[in-house]
Amino acid sequence: KADETPHDEL
Amino acid sequence: MNIFRLTGDLSHLAAIIILLLKIWKTRSCAGISGKSQILFALVFTSRYLDLLTSFISLYNTTMKVIYIGCAYATVYLIYAKFKATYDGNHDTFRVEFLVVPVGGLAFLVNHDFSPLEILWTFSIYLESVAILPQLFMISKTGEAETITTHYLFFLGLYRALYLINWIWRFYFEGFFDMIAIVAGVVQTILYCDFFYLYVTKGEGRSQLSIPT
């Protein structure tokens, strides 16, 4: 999952 | 980016700045749990390692750098500059009881078994309980300065706003991150008792007492 969608929240 | 996410971030920022300014202006960190602040520094460090690997936006990068910088500045003020005022005798929460289980859980329950992802998961779990040493300290001494309660209020409000943000994102973007949501719910619940006291007893008083 980390590769597909980087964590965009803080 | 929706309004709940933005106000959540700003609330988080407000909490961090309030604490930093309080310590700086009063030249004292009395009543502040250094252990909670170390945990928050650890949270930001393990979560924002992606600063080195992926760029999301200028806003994202700027906020991450500010959060990390302020977290370490706070730890520095407590453990170095104003060490003499640090109330270590009352800051006795055993942090290994948080860090070890949280570390184990991050290994077991994560989105992807990769170093960065495990560290991100660790930071999410750890953040949800990182305030416990501070709450423990307040329950031990039986009181908190007003400015400290403002800090806690904004810190709790931030995750509560994120919960609304996640509901919003689920409906409008189909975004759904179970790990963040569950940890966020736990985190917010930990503040509920405090929120109640803040609203009912905080008005017009100089100090807030939390019954043990």
Side-chain angles (χ1 to χ4, degrees), chain A, chain B residues 1-2 4-6 8-13 16 43-44 46-57 59-68 110-121 123-124 127 158-159 161-163 165-166 169 173-181 183-184:
Chain A
K1 191 192 180 227
D3 298 332
E4 305 150 22
T5 49
H7 302 292
D8 64 341
E9 292 179 338
L10 293 168
Chain B
M1 173 88 80
N2 56 65
F4 302 109
R5 158 76 200 283
L6 181 63
D9 286 347
L10 294 178
S11 172
H12 196 181
L13 187 63
I16 292 169
V43 163
F44 290 138
S46 53
R47 186 176 310 168
Y48 298 156
L49 286 174
D50 64 354
L51 275 172
L52 308 170
T53 61
S54 57
F55 178 80
I56 293 163
S57 66
Y59 170 83
N60 195 282
T61 301
T62 309
M63 292 298 261
K64 283 174 175 172
V65 170
I66 292 175
Y67 286 176
I68 293 179
N110 51 56
H111 292 309
D112 180 39
F113 201 77
S114 65
L116 267 188
E117 190 60 23
I118 290 170
L119 281 168
W120 177 86
T121 312
S123 84
I124 292 289
E127 185 191 344
Y158 134 70
R159 221 47 173 172
L161 286 165
Y162 256 71
L163 292 183
N165 155 60
W166 289 323
R169 291 191 71 177
E173 300 168 28
F175 172 88
F176 184 73
D177 186 333
M178 195 53 143
I179 287 175
I181 291 170

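Proteins get letters first, then strands, A, B, ... in listed order; numbering begins at 1 in each. Since this is a predicted model, take the numbers as computed values, not measurements.
For Tyr158(B), the part sitting under 4.5 Å from any heavy atom of chain A is the side chain, from C-beta outward, and nothing else. Residue contact with chain A, scored on non-hydrogen atoms closer than 4.5 Å, involves the backbone and the side chain of Asn60(B) alike. The contact between Asn165(B) and chain A is made entirely by side chain atoms (from C-beta outward), counting heavy-atom distances below 4.5 Å. For Phe55(B), no part lies near chain A; criterion is any non-hydrogen pair under 4.5 Å.
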Applying side-chain contact (heavy atoms from CB on, under 4.5 Å) to Glu9(A) and Arg169(B), what does each step give before you reach the verdict?
CA-CA 12 Å; Glu9(A) 292 179 338; Arg169(B) 291 191 71 177; 2.7 Å; yes
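Of the candidates Asp9(B), Ile56(B), Ile66(B), Leu10(A) forms a side chain to side chain contact (heavy atoms under 4.5 Å, CB included) with just one, namely Asp9(B).
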